[in-house]
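The block underneath contains the structure these notes are about, expressed in structure tokens.
When a ligand or atom number is given, it counts from 1 through the structure's own listing order.
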Amino acid sequence: MAVTFGKSFLFHTAKTLAKTCLRPASTQVDLQKNYLKLTSASGQLVHADLMWLRDHCRCSECYNHATSQRSLPFLSIQQDISPKTWQIAENDSELHVSWPDGHTSKYEIQWLFENLDPKRATQNLGKMHNLRKLWEDSKAPDVPDINYFELVEKSCPVSLEKAVLSLLQHGIISVIKVPRTVQATRLVVEKIAPPQQTFFGGMWEFGTKTHNEQANHEDTAYTSDALDPHHDSTYFSESTGLQVFHCLERSKNCQGGATRLVDGMAAADHLAKEDPKSFEILSETAIECEYKEPGQHHVGRQPVVVLDPVTRSLLQIRFNLYDRSPMNTLKSEDVRNYYLALQKLARIIFSGRYEVQKELSPGNVVVIDNWRVLHGRTAFTGQRHMAGCYVSRTEWLSKARVLGLI
Ligand SMILES: C[N+](C)(C)CCCC[C@H](N)C(=O)O
Ligand SMILES: O=C(O)CCC(=O)C(=O)O
Ligand SMILES: [Fe+2]
């Protein structure tokens with residue numbers, strides 16, 4: 001049964017099956033009104049809509065393999081398209097389809113089953129989700145220290161993989177023995193992706209010992225006040241992906257200024273279990289955040305808990321109580337319940353259950369997934385000089401894919 005054609009094949013197979021009760025030796029193809037029904041030898045069943053099938057022809061006319069881009073004119077796909085013939089070929093590894101206009105398409109059967117599997121989207125996006133190890137209640141995450149020399153000087157691929165994996169698993173990377181310079185901080189980051197340019201700059205510096213007055217911004221981060229755990233850039237249309245901190249200098253008389261890190265996804269997960277209604281409110285109601293200073297006015301509107309549009313699993317937590325705009329996006333009848341829900345999440349976040357504190361010292365760079373882990377600091381006295389940068393999410397996820405991690 002190496003090569004079988006159209007309906008006669010189906011008829012034949014069905015009869016054989018009925019007589020012998022044997023499993024089919026190859027994929028079965030059955031033309032329905034507007035799709036091909038494919039049944040694998042092991043019984044997996046998928047529906048290939050005929051418009052979808054024509055669109056996914058991977059011949060060099062319809063698809064540019066060098067650029068991974070489609071070239072078939074989208075509007076040329078007719079609503080009533082139907083194949084003239086179809087056959088399973090190449091020892092059950094390909095489906096060949098000929099279309100009324102004379103075009104022939106060949107598909108790898110395995111590729112079809114993968115891409116048509118209705119569970120595929122859920123499972124595929126679940127890869128990141130499955131790697132994630134939420135911080136456990138009152139237990140510090142097991143974050144490996146990555147050595148600067150290995151990562152940057154030796155460009156060790158194992159170190160880089162370990163670093164990006166740590167980000168996927170724990171939402172943070174710790175790099176040790178980093179030279180106390182902005183340039184060394186940059187070299188660490190560039191192993192993963194380029195620093196993201198924002199109005200704060202590419203690489204930024206902040207702290208008491210300022211160096212360059214122009215680098216200062218009208219934000220509490222640039223003071224020595226305490227900052228409760230928060231995510232940054234909730235006022236951008238897309239929050240920055242990574243937050244990098246390197247404490248370049250702490251004066252001898254510097255007291256406080258410990259970095260507080262909280263796993264926002266562990267907190268949201270806790271809320272989902274404890275109070276699903278509040279979780280739902282936070283994931284379905286958008287609020288607004290803003291940043292204003294002379295020459296800048298950014299506004300971002302999204303829910304505090306953002307779910308993946310396909311899998312509905314946790315995609316992002318955007319928690320920043322400081323940078324909220326007037327809460328004018330809520331319907332008046334929803335205001336009270338919204339406040340109660342946000343307070344519930346805030347209580348979990350501020351409870352310390354999913355928090356670690358670390359007094360960053362010169363030489364220690366921490367990279368934080370700003371879509372997951374919140375950062376804050378205790379108030380301080382004395383001198384504390386920090387450097388760092390943002391990295392956009394699309395850039396670091398691209399690196400994770402290139403490394404084969406997701
Ligand atoms: C650039 N640097 C990180 C130093 C400051 C960022 C400003 C912090 C702002 N409130 C926010 O939460 O986004
Ligand atoms: O000073 C710190 O450790 C953190 C300040 C902060 O929240 C920020 O720069 O975004
Ligand atoms: Fe911040």
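- Atom 1 (O) of ligand 2 has Arg377 NH1, 2.6 Å as its closest protein atom, hydrogens excluded (heavy atom only).
- In this structure, Phe245 and His375 have perpendicular ring planes: the angle between them is above 60°, well past the 30° mark.
- Distances from atom 10 (O) of ligand 2 to the heavy atoms of Asn370, Val366, Asp232, Thr378 put Asp232 nearest.
- Remark: ligand 1 and Asp323 share an N or O pair separated by less than 3.5 Å (distance only, no angle test).
- By the 4.0 Å heavy-atom criterion, Phe206 is counted among the residues contacting ligand 1.
- Residue His230 counts as close to the Fe ion (ligand 3), with an N, O or S atom under 2.8 Å.
- The single protein non-hydrogen atom nearest to atom 3 (O) of ligand 2 is Arg384 NH2, 2.7 Å, given as residue, atom name and distance.
- If you check each of Trp204, Tyr222, Tyr291, Tyr235 against atom 5 (C) of ligand 1, the one with the closest non-hydrogen atom is Tyr222.
- At a 3.5 angstrom cut-off on N or O pairs, Ser233 counts as close to ligand 1.
- Numbered from 1 in the order shown, with element, the atoms of ligand 2 that lie under 4.0 Å from a heavy atom of Ala221 read 6 (C), 8 (C), 9 (O).
- Atom 4 (C) of ligand 2 has its closest protein heavy atom at Phe245 CZ, 3.8 Å.
- Using modelled atom types, one finds a donor on one side chain and an acceptor on the other under 3.5 Å when comparing Lys191 with Ser155.
- The protein atom (non-hydrogen) at minimum distance from atom 9 (O) of ligand 2 is Phe206 CZ, 3.4 Å.
- Between His217 and Tyr222, the two ring planes are tilted [angle within 30° to 60°].
- Taking the charged nitrogens against the carboxylate oxygens, Arg324 and Glu290 have no contact shorter than 4.0 Å, which rules out a salt bridge.
- Applying the 4.0 Å criterion to heavy atoms of His230 picks out, from ligand 2, the atoms 7 (O).
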